[in-house]
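Heads up: the structure comes next, in structure tokens.
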2 protein chains.
Amino acid sequence: MPGEQDLEDSVGAAAELLGDRWTFLILREAFFGTRRFNEFAQNLGLSRNILSNRLKMLVSQGIFEQHPYGPSKARNEYRLAQAGRDIFPIVVALLQWGDKYLAGSRGPSIVLKHTRCGNDTDPLLICRACHEPIELDEILPTPGPGASEWARQRLSQLTDSAFVEPAER
Amino acid sequence: MPGEQDLEDSVGAAAELLGDRWTFLILREAFFGTRRFNEFAQNLGLSRNILSNRLKMLVSQGIFEQHPYGPSKARNEYRLAQAGRDIFPIVVALLQWGDKYLAGSRGPSIVLKHTRCGNDTDPLLICRACHEPIELDEILPTPGPGASEWARQRLSQLTDSAFVEPAER
DNA sequence: CGGTATCCCATTTGATACTG
DNA sequence: CAGTATCAAATGGGATACCG
């Protein structure tokens, strides 16, 4: 069991839930159109008991929805529900980072094509308010309504751009 | 040992590297300005041997840089290197998803303030080419230069918006 | 085909103790 | 403070066998 004050924020909770050796891969498969149990198992090469666990978890979290199909509806397809579709930005962010730092000399294995405009695209994060690109040193985390007292304390001590190289202390 | 064809893409590689129970939390701490061994240990409540392992891994991956400090430079600070700063979009994406689906009734624990424009912000993903927001059903993954033969095969079979609800098969 | 149950092994975890 | 070493316990993994 971890310390008492972790998981207070959504990063922790989301990482705890999704940050699993297989979960992201299952999700990636889903974004590639995979829907059936055996397709997941074969494409990823994971054993079926684990797949069963993960799928069950993901359904219980509202990330996948089961859709019976086939003769007498005896079988299930796993389709992304809204909570699952909303994971796409996370997958994109992982893809971009991996391409930049892990892809090796051959270059990225996957390129995202934006069918709306026809270009290969490299998604960019902007501020929804002012439409400028998000720069790390222009973002300050502040306590929100759900912040614990501990988190509130910590966050309110942050000065602007806390991560910027500090003077030697 | 997983199947033969997994980890072919950057999502898999990045998830394998970062998708760990503690790694994301350590990174989040770093984005909050934490730099010292004991600060990490205390704020996260993880045991020091594990922290030691993770930090070593993150340094070896170029995510953190060690900066000696203190009397006789005997101690190390862990600062985000460029590869580490570039993880910020992933953390933001996790935060947004977590806030939306896991935060509960109290609301998000962390709000990102864009100091440049002064607003609390909810970062948005847009296409770098046409500047329109990224919609899941307008993105098609295509094989890139580093794609394996297997990945190339699979991706080239994807039709437009593969994840969209299909007709019953 | 679409799972579930069982079993065994490798790894990881966290407590604790120790060192410079 | 900043780690490393050790170790028992829990966990997670895959193989296999089994069921509707």
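So you know, we letter chains A, B, ... as the sequences are listed, proteins then strands, and number each from 1.
Nucleotide C/dT11 holds its P atom 15 Å from the CH2 atom of A/Trp22, rounded to whole Å. Between the NE2 atom of A/His67 and the C1' atom of C/dG3 there is a distance of 18 Å, given to the nearest Å. Rounded to an integer number of Å, the gap from B/Leu25 CG to C/dT13 P is 13 Å. Following rounding to the nearest Å, B/Leu44 (CG) and C/dG14 (C1') show an atom-to-atom distance of 14 Å. Rounded to an integer number of Å, the gap from B/Ile26 CD1 to C/dT13 C1' is 14 Å. The separation between A/Glu16 atom CD and C/dT13 atom C1' is 13 Å, rounded to whole Å. Between B/Leu51 atom CG and C/dT12 atom C1' there is a gap of 15 Å when expressed in whole angstrom units. Rounded to whole angstrom, the span from the CD1 atom of B/Ile50 across to the P atom of D/dA9 amounts to 17 Å.
For B/Gln66, the side-chain hydrogen bond (donor to acceptor under 3.5 Å, both in side chains) partners are B/Tyr78, not counting sequence neighbours.
The backbone N or O of B/Phe40 lies less than 3.5 Å from no partner atom in the side chain of B/Thr34, so there is not a single donor-acceptor pair. At distances below 3.5 Å, not a single donor-acceptor pair connects side-chain atoms of A/Asn119 with backbone N or O atoms of A/Thr121.
Note: B/Arg85 CZ to B/Leu27 CG = 12.5 Å, rounded to the nearest 0.5 Å.
For residues 87-102 of chain B, the salt bridge (Lys or Arg N to Asp or Glu O under 4.0 Å) pairs, not counting sequence neighbours, are A/Asp86-B/Lys100.
Residues A/Arg75 and A/His67 fail the side-chain proximity criterion, which asks for heavy atoms closer than 4.5 Å.
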Just the table, please: protein N/O against nucleotides 2-7 of chain D N/O, every pair under 3.5 Å.
| residue | atom | partner | partner atom | Å |
| --- | --- | --- | --- | --- |
| D/dA2 | OP1 | B/Tyr69 | OH | 2.0 |
| D/dG3 | OP1 | B/Tyr78 | OH | 3.4 |
| D/dG3 | OP2 | B/Tyr78 | OH | 3.0 |
| D/dG3 | N7 | B/Arg48 | NE | 3.0 |
| D/dG3 | O6 | B/Arg48 | NH2 | 2.2 |
| D/dT4 | OP2 | B/Ser52 | OG | 2.2 |
| D/dT6 | O4 | B/Asn49 | ND2 | 3.3 |

